[in-house]
Amino acid sequence: MLGFPAPYSEELLYSTIARAGVHDGDTSPKQLLDKVFNNRGVIATVDLPSHVGKLASQYSDSLGLDARTLISRHTLWPIYAPFLPQERNNKLREWMSGSSQGAAHLASGIAASRVEAKAKLFVCVECLNEQKSKYGECFWNRTWQIPLLKVCPAHGLLNITSIELDGEHRHSHIPVEAAEILEPVKGEAVDRAFSNQAAQLLKVQNEGVSFSQWTSFYKHFASKLGYLHGRRIDHTRIHETVIQFWGKRWLSGAGVLPSGTETSWLRGLFRKHRKSFSFAEHIVVISALSNGAISVCDAIEKASRMVNCSKKCSHAKLQESTTEIQLGQDQIHWKQLLELSPPKAARQQKPALYTRLYRNHYDWLIYINSVNHADNKTVNKRVDWAQRDRQIARDLRRANESLSDDLNAPHLSRTFLIHQLDHRATVEKNLHRLPRCSTLLALYSESTAEYQARRLTRAHLSMKELGQEVKRWSLLREAGLSDERMTDIVAELLKEILSEQT
Ligand SMILES: [Zn+2]
């Protein structure tokens, strides 16, 4: 198409196509699609349009408007990209450029991480006035169409327009001049905070952050801001803080009110990430927990500097040894300190060193501290398992001695024997670390046959003591045995006992 307009700063591609139609005179929407894309079936998409490659081919190379640039500067891709792994961003971009056939498959993957798009197009009336005086025409700014965004960062509340995105307008790119501007949206005080954060995302140049990086980020984030209960994440307090900062009504209106259950998205965010979370969920948590002190853009930057241990953490060791070669003086000093003290104590001893490392080697510091965390060390250091094994084995031997002579003792199963010990929980959980105990348990515990034989002997002795006549049926009743449950060995024993009677 001849003389296709270049997009204005922050203009949506949707809008540029609409202006092309206006510039071209009396073109119908279908004719416009034909001229631009050679395809009348293209759907007019605001947030993540496809066929961007075709648009890019309208421009001469000197303008530098290739598909990649158009996608990052003139669509809503930047509000999703930092929250998706890089591979998915690459695929998404391929699809948006129009070079991928897997559109449906991909679109479904994206939909999961995307909050509901606005049903109508929005405008800021003051921005429109500024555009008119500056350019002589108006365009759809991408900031206005960010889902859930109600406030123009430069001005005030946005207005809804008459342009609905689905239905009859599916194939039409409608210029802003053709829209009827309706009432302003209703917003709350927190809407400004949310809108400012969301609008900032458009400035971020990020190609994707992996699940493991986001997982580490939130672990450190919660720990740094004190949202831990002992060593665990304090989910209850996080939940309360989020509700208090945004208010239930706002969260519910935005569709991100976390439930109080184990499976709520809010809890999921602080666990190992297996799926992506939406930009709105990230903003909600980062703003609330830091009380507005940390922006979502800072968070993205920190997360993307986290050590990426995608192939389990066996690679972490490797990473440590490879970085070893280039360690600076401060880093070497810190590593030496960590050999003597846990990170917290090391930090108290050398606060200036810690600050320098925090500033210059943030990801290395977080990584090396997590490897040398006090919790990791005490688990291995505090318990001397060999010593504990010997001590528990002694207790076990003593317990067995008093039980084995007692014909009335209950079934001496493995579990029963363990329950006679003072540290039964330790033994149950750590039997693999206690070889002596393990062997003794195998030796002392009774099989079903052994237990039945003991019951039979006990019953026989007591009946004889009382001078009772020993009949087969009365002996079985006294021993609590039945023919169905009796093992073969015990049946033999019973025969022997009865034959001795006669
Ligand atoms: Zn504005």
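The residues of the chain are indexed from 1 along the displayed sequence. Note that ligands are numbered from 1 as they come in the structure, with each ligand's atoms numbered from 1 the same way.
- The set of protein atoms (N, O or S) found at less than 2.8 Å from the Zn ion (ligand 1) reads C124 SG, C127 SG, C152 SG, H155 ND1, by chain and number.
- Aromatic ring pairs are classed by plane angle as parallel below 30°, tilted from 30° to 60° and perpendicular above 60°; the pair F4 and Y59 is perpendicular.
- In summary, the aromatic rings of F277 and W214 are positioned with their centroids too far apart to meet the 6.0 Å limit.
- The cationic group of K302 lies under 6.0 Å from the six-membered ring centre of Y362 and within 45° of the ring axis, placing it in a cation-pi geometry.
- For K224 and F221, the positive end is not near the middle of the six-membered ring at less than 6.0 Å and at most 45° from its axis.
- Using a 4.0 Å cut-off between a side-chain N of Lys or Arg and a carboxylate O of Asp or Glu, E87 and K91 do not qualify as a salt bridge.
- Around the CZ atom of R68, the shell of radius 6.0 Å holds no more than 12 heavy atoms that belong to other residues, nucleotides or ligands.
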